[in-house]
Amino acid sequence: MRSADTPFVRSAARTDLDLHLRVNGRSHRIRAEARETLLDVLRERLGLFGTKKGCDHGQCGACTVLVDGRRVLSCLTLAAQAEHGAVTTVEGMVEHPVGRLVQAAFVAEDGLQCGYCTPGQIVSATACILEGAATSDEAIREAMSGNLCRCGAYPNIVAAVRSAAAVVERR
Amino acid sequence: MPRYARPSTPDEAIALLAEGGWTILAGGTDFYPAQGARPIRDDILDIGAIEALRGIREDKGDIVIGAATSWTEIVRARLPMAFDALKAAAREVGSVQIQNTGTIAGNLCNASPAADGVPALLVLDAEVELASTRGIRRLPLRDFVLGNRRTARAADELVTAIRVPTASAAGRSSFFKLGARRYLVISIAMAAVRVETDLQGRIARCAIAVGACSAVARRLERLEADLVGRPADAAALGVIGERHFDGLAPIDDVRASAVYRMEAAREIVGRALADAFGTTAGQGVAA
């Protein structure tokens, strides 16, 4: 990334970037190309394979991560865009106050079949609850509509989000 | 190898654009899919760190939406009822994940015939503000989007804001999007309407736009004119006839046939009007 004294001329724009990424509370310094997506960097460079590559163009939600608490699609985010932000992946959910409740609820409610979409579902559900969007089953379905489940585990996913939201509410 | 720059002010961005060759990246939700199967080769000018391009403010009565304002920010903003259509459209852009990063100007610059934001902004008479080292200019939205994936933006220009004039921030508005499902779909047809009524409950001004049924979303001026002066109630919907949709030119594609799109457009324009009138005829789900 540029430093404050770099003039904005074309020659100064970089193709290789020294990126400082904060992922699940840990700092990483990596050298990456400008074109690398956050998803590829998480998986291929940081070895965080929990975040899944489903469609790779923003239609399935399997790659959902949190950046500064907002859920985003890591396949549509360049790693460089996430610099200066705090990234939380499904691996970080175990230490996330809401995320770990959501994980437990997915287990208790059997909110999965093959499990491929589950990391994205769990991260997305965590954000959905924190956004205050888990107010009814209908609201949950709308707020979770960016996460597809080809197995069709939707009823149990909605149940898991509902029960995790109820636990959060009680605390 | 693509280059990457992330300026923090609009001036830095337009200085870079003046050099030529950059592809502007805002939220990135359309940028990456547009690359297709090939690796990214464009030089990327990331405007995501320019705080001055975010947020909604008032300027001399106009409502000014920063170019890089996300759909989520629009959903959450306190805005007059005339913006209800825009908020409804914002809620149906992709998914929450897309809404968190996708930006209003990105939706316009991408210039998809099915851009969710365009009909609602057309009924608000929105203007697009463009900046370059040559100066600043404003264009009505209808003169900005020129065709499928074509806009009036010159290569060295940056869209800095979307501006809604005071006079058009009045009345009630409504939006209907028809898709194969409600979310994460490309629209088959969309309708946005904005209606201002007088003290007798008659339609004083009205704006109607249909999207995804022509290369660029269009206002239905003849229908607007035919509705003015009528009581804003279900009976007014009887005026709607085939002639009002002459300007549309829907296509046949994988999502729907042209005939179906035309029928859908008529139906959702009626529902959106009924909703804006506040009559119960607008209830029901289009998708």
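First the proteins, then the strands, lettered A, B, ... as listed; each starts at 1.
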So which part of Thr77(A) gets closer than 4.5 Å to some heavy atom of chain B, the side chain, the backbone, both or neither? neither
Around atom CZ of Arg22(A), are there more than 12 heavy atoms of other residues, nucleotides or ligands at under 6.0 Å? no
What are the residues of residues 114-131 of chain A, in order of number, with any heavy atom under 4.5 angstrom from a heavy atom of chain B? Ser124(A), Glu131(A)
Specify which of Glu33(A), Gln81(A), Arg70(A) makes the most heavy-atom pairs with chain B at under 4.5 Å. Gln81(A)
Could you tell me which residues in residues 84-113 of chain B have at least one non-hydrogen atom under 4.5 Å from a non-hydrogen atom of chain A, sorted by residue number? Arg91(B), Ser95(B), Val96(B), Gln97(B), Ile98(B), Asn100(B), Thr101(B)
Could you give the distance from CD1 (Ile40(B)) to CD (Glu36(A)), rounded to the nearest 0.5 Å? 10.0 Å
Contact between Glu83(A) and Arg6(B) at the side-chain level, heavy atoms closer than 4.5 Å - yes or no? no
What heavy-atom pair brings Leu76(A) and Pro33(B) nearest, and what distance separates the two atoms? CD2-CD, 3.7 Å
Leu78(A) and Leu25(B), any side-chain heavy atoms less than 4.5 Å apart: yes
Using a heavy-atom distance cut-off of less than 4.5 Å, which residues of residues 52-60 of chain A contact chain B? Asp56(A), His57(A), Gly58(A), Gln59(A)
If you count every heavy atom of other residues, nucleotides or ligands that lies below 6.0 Å from Glu95(A) atom CD, does the total exceed 12? no
Which residues in residues 133-167 of chain A have a heavy atom less than 4.5 Å from any heavy atom of chain B? Glu142(A), Ala143(A), Ser145(A), Gly146(A), Asn147(A), Leu148(A)
What pair of heavy atoms forms the shortest contact from Pro2(B) to Ala34(A), and how long is it? O-CB, 3.9 Å
4.5 Å side-chain heavy-atom contact, Tyr32(B) and Arg35(A): no
